[in-house]
Amino acid sequence: MAVLVDEKTKVLVQGITGNQGRFHTQRMLEYGTRVVAGTSPGKGGVEVEGVPVYDTVEAAVEKHGANASVLFVPAPFVKDAACEAIAAGLSPVVVVAEHVPLHDAMEVVAFARERGAVVIGPNTYGICTAGKTKLGIPPNQVFHPGPVGVVARSGTLSYEIVDSLSRAGLGQTTVVGIGGDRVVGLSFVDMLKRFEKDPETRAVVMVGEIGGTAEEEAAEYIKQMTKPVVAYIAGRSAPPGRRMGHAGAIIERGRGSFESKVRALREAGAQVAELPWEVAPLVAAALG
Amino acid sequence: MAVLVDEKTKVLVQGITGNQGRFHTQRMLEYGTRVVAGTSPGKGGVEVEGVPVYDTVEAAVEKHGANASVLFVPAPFVKDAACEAIAAGLSPVVVVAEHVPLHDAMEVVAFARERGAVVIGPNTYGICTAGKTKLGIPPNQVFHPGPVGVVARSGTLSYEIVDSLSRAGLGQTTVVGIGGDRVVGLSFVDMLKRFEKDPETRAVVMVGEIGGTAEEEAAEYIKQMTKPVVAYIAGRSAPPGRRMGHAGAIIERGRGSFESKVRALREAGAQVAELPWEVAPLVAAALG
Amino acid sequence: MKLYEYMAKAVLREAGLPVPPGRLCRTPAEAEAACRELGPVAVKAQVLVGGRGKAGGIRLADDPAAAREAAAAILGMDLKGYTVEQVYCESRLSIEKELYVGIAVDAQGKRPVVITSASGGMDIEDVPEKAIVRMPVALPWGLMGFQARELARRVGLAGELASQYAGVVEKLWQVFRAKDAELVEVNPLAVVEGRLVCADARLNVDDDALFRHPELPRVSEATELESRVRELGLAFVQLDGDIAVMANGAGITMGTLDVIQHFGGRPMNFLDAGGGSAAGPTAKALEILVQTRPKAILINIFGGITRCDEVAKAIVEVKRRVGIPMPLVVRLVGTNEEAGRAMLEAEGVQAFRTMEEAARRVVELAGEGRGA
Amino acid sequence: MKLYEYMAKAVLREAGLPVPPGRLCRTPAEAEAACRELGPVAVKAQVLVGGRGKAGGIRLADDPAAAREAAAAILGMDLKGYTVEQVYCESRLSIEKELYVGIAVDAQGKRPVVITSASGGMDIEDVPEKAIVRMPVALPWGLMGFQARELARRVGLAGELASQYAGVVEKLWQVFRAKDAELVEVNPLAVVEGRLVCADARLNVDDDALFRHPELPRVSEATELESRVRELGLAFVQLDGDIAVMANGAGITMGTLDVIQHFGGRPMNFLDAGGGSAAGPTAKALEILVQTRPKAILINIFGGITRCDEVAKAIVEVKRRVGIPMPLVVRLVGTNEEAGRAMLEAEGVQAFRTMEEAARRVVELAGEGRGA
């Protein structure tokens, strides 16, 4: 078992002929991801790393029956490409690009809701079911199979924490980045529900950030979870009212603040780590 | 039992303060329809025939819990009014107006699909569950309770046929006009399925017209129906290629022609009447 | 409402579609001048019916004198019952390949559909089904970029032409939506020197949406008589029989014509007096029917939104004011039936209760009229 | 990107919203002239922060001399750290009632939301929750007419004002969509002589959508240093400590600052070198960090889309070309880690494997630097 993707998932890479698409296709193939086809409008007919390239998603799906997609498409073209994947019935659709226009992201989410697809991102490192498959950009050496499900907003921060889990002998089921943008497809709650149901996941790590209320919403769901949840929230030192990069980390009068998130999570029964490297010991303790 | 509406249906009348709205509200109340409220933007607070009027559907629903709506709203405002009813969870939504822009009708149908509402019309006389309730404009004296379900495109033609059924002692369960426009919400097939399931309906009359392929599609479904279907198709005498009014009756090279419809229906096992007054005897024979 | 080719092309040009330069001409002299300006031209009859090419409505001209001659031959020509009053002189294209692309309303799917084919240049109905590509478009999303690219692939285009084609389809979609079109069609969509060009164009706009398109020209296919009745807000088509018919609702009107024909009569018109018509327009329509001098008149009303008393009022008014010299048969049932029948009886007009009786009677009376 | 009030109002005016006449003034003389033209005016500081009224940034003037005086008082004023460089002189309104209406993005619902209240004129955050009306808007449908009317009802409007209000909300929606807004806000939406007027306006446009809005002016809140780094495509905010930080990813950058603070250090900046940055921009950003003369620099890279070899290449280049005189602590793991570490070691730069070690070390070194 695994969450959302596994070794049988047939992956399409949209934007496969660009630098990032090419580089990460190679890495995904190395990891064992079953990349069956790629797309690049106007470049159909070539191959990238041995993967056949098509002009459209429909052509690729017709030939190779892909069922999930990862996009290495520049932000202005994400809306069309993501809708193309959704319309073709692919799910999940992983949107790596940052700087996707907010209105485009809202439309993609609306289209995905209508068609019943899961969109991961935008502005995500992707998803990895450890030792089985990887859709996105995380380094291949970080994840190791085991009983911990990880969901995070930020990529590098979750590699950081997953790395410390792995070094403590705590492998992962599935690790997913929901994306750093204000509007993203998959939310913390969606993913917590999936981990709660997954028989292989025995504990869950949630890596949040200041800004927004996604962590507070997650806390509401954590109240009814049977599995232990360990959280870490970044941004404790951020000065109030300053905006920190694309994370949209605006602290407004307590809502979305470090304190409000930590309080909500603790009240919900989650363990909250003060520092990134405290996560692994807390998980180890929770698993007994 | 009845199809789509019955004596418990709480009806909202949109556009109740106009001439048609006022006149037909009176007729519906006379028939026994449970008209609980009306709307007319900017005129909230008045009463029409003792029915309280509100500015918005939401206000009316909040106060009176309506669950279906009939619109007496001019064509240019139908799209917004129908979407208002659909958004408020009302179903069916009966659109009487003719000359509704085609693109507006397509959008209303799309919105209804998304929200799971049934739209009857545009350009319909409405729906009547005989002796129980009426949403729309058919004359009160035509329908009588009994075992025959009737679905038609045109209003007056179906009154004609229903009248002859009633005079032959063949009452009706529900009588519905799907509307004379090219794009309508409820289709023949939708309604045939409902009649097939309805325990009180023992035979079905379908009144079609030349143009379009709705009757041919209905024939496909009739093949699997257990209840007898008697059809009448208008337009046999229409000269090819002439357009007859809003019915969109263009005969194009056999598709949608009188002959193709009659052939499809007969092949599906339906009885096809040659003249309107032959319908009742055929139904009587079918019911044994 | 159908637009003439030159009007449709003006709309397409404004939307950024590739349309060849052309001039509308009403005389051979204007065609000559247009050719002097444009070089070699195609001189094309401007009519609202298809198949004008095969019927001789398009001629090629290499020089101004030839253009003048071609225009002289085409202007005044009868094309399927329409007299050609204008020609469109358009720059000649050396076409390498012809595609078809159109956007229409799919009544079954209740949404728009793009229809396209690598085999353009002829009636799309004549293209074998397997050579036709259909793509439904979901509303309110509209045609998305990837759908246009997928269509390009399915008609076998690649590279630069595929990208041009996708652009054409996206712009046609914009026209379809922005103009409330029932149909927008480019046939052929021609490949000319490696570029796509809209060689012919059709644009049919939804009559019911014209109120929000003051920017569009108005084109009528109606006869003068049809226009007079339609101005009253009623649906009217002239036919070639001798029994005038007025009924309320397209279905019952069609049914009435069917029944008249069944009894051996020949209807003179289709007049759907519609739902909820007040006495005024009904009276005016009846007056026009009287003026067309039918052998007999049948008014068939089964009142729903139409009130019988309003119809009776209209009949009485016309009878008193202008008189009705030919036999008049009325069938009147439905809303406010009693009031209506009482008014007619007071005026000496008999109202039947059934369509069968009324139709039989009017055919009988028309036969007597012909006999007389 | 936040627009100044006068810019936001220009956009609203173009969209057909009721905006009072006004003039942008850079000098007291210009304000005097504006008042001569407009009559009694409000002289309003143009700054990107809220609460300027309470801070003395708005003054009323009945005549040109008073306008001059007001502008002189406001221009150059410090408002929450921003120097006022422009005032907007706007026709005075005699306000009878103040409403609030704004459209923003609801991150939880993942769609736009209209927020409105009968209690306008103050911070919407100070209005009690029960006096606030929220209406989510489904995409791609957008705000429908009936929703605007329902909002009017919920804020207690009826008759002509309700209909004006619905028109205002529909037009604000059009601005929100057409301009890729994160927020469009009118507060107060004032009733003036029985008509609605946009007395103040805010428009924040999504930075990531600016590429498709060449028609909009560009406004930057960044310091000169911030602008220099952001031009490289990197996210950068100046803070008030002495340890320069560069990391990749907003989360790990925030986490790095937290950890530095935890060990008793004070970060000097937030620099998210982002995903997939090539050596070029990374080197330039590092060079700028060096120029800010921190006590120490921490580079914390956990490479995913970022390749460790590219980061190492950038460090080596800056070290060789301009030199790095302060202590540099590097933490480098992830994609192409071995190649990166080898490059750094060859240059004598030690790369740590854990964030904990690196953070401890940089705080230690910065302390030594301060001690020195």
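Remember, predicted model here, so these are calculated numbers, not experimental data. The sequence lines fix the lettering, A, B, ..., with proteins before strands; numbering per chain opens at 1.
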> So do A/Val108 and A/Ile86 actually touch side chain to side chain, heavy atoms under 4.5 Å?
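A/Ile86 vs A/Val108: side chains touch.
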
> Would you please say whether a donor-acceptor pair under 3.5 Å links the side chains of A/Glu49 and A/Thr25?
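Note: A/Glu49 and A/Thr25 side chains miss the donor-acceptor criterion.
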
> Yes or no on side chain to side chain contact (heavy atoms under 4.5 Å, CB included) for C/Glu221 and C/Val49, after CA distance, side-chain angles and deciding distance?
CA-CA 10 Å; C/Glu221 287 180 79; C/Val49 289; 5.9 Å; no

> Please tell me whether C/Glu90 and C/Tyr6 have a donor and an acceptor in their side chains that are separated by less than 3.5 angstrom.
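Short answer, no.
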
> If contact means a heavy atom pair closer than 4.5 Å, which residues of residues 147-172 of chain C contact chain A?
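Residues of residues 147-172 of chain C touching chain A at under 4.5 Å: C/Arg149, C/Glu150, C/Arg153, C/Arg154.
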
> Under the side chain to side chain donor-acceptor pair (under 3.5 Å) test against A/Thr174, which residue among A/Thr133, A/Asp6, A/Thr129, A/Asp198 passes?
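By the side chain to side chain donor-acceptor pair (under 3.5 Å) criterion, A/Thr174 pairs with just one of A/Thr133, A/Asp6, A/Thr129, A/Asp198: A/Thr129.
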
> Under 4.5 Å from any heavy atom of chain C, what part of A/Glu107 do you find: side chain, backbone, both or neither?
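The answer is both parts of A/Glu107.
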
> Answer with side chain, backbone, both or neither: which region of A/Tyr54 has an atom nearer than 4.5 Å to a non-hydrogen atom of chain C?
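The answer is neither part of A/Tyr54.
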
> Give a yes or no answer on whether the side chain of C/Ser117 reaches the backbone of C/Ser119 with a donor-acceptor pair at less than 3.5 Å.
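Yes; judged by distance alone, with no hydrogens or angles, the pair exists.
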
> So, does A/Gln14 use its side chain to make a donor-acceptor pair with the main chain of A/Ala81 at under 3.5 Å?
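Confirmed, A/Gln14 side chain pairs with A/Ala81 backbone.
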
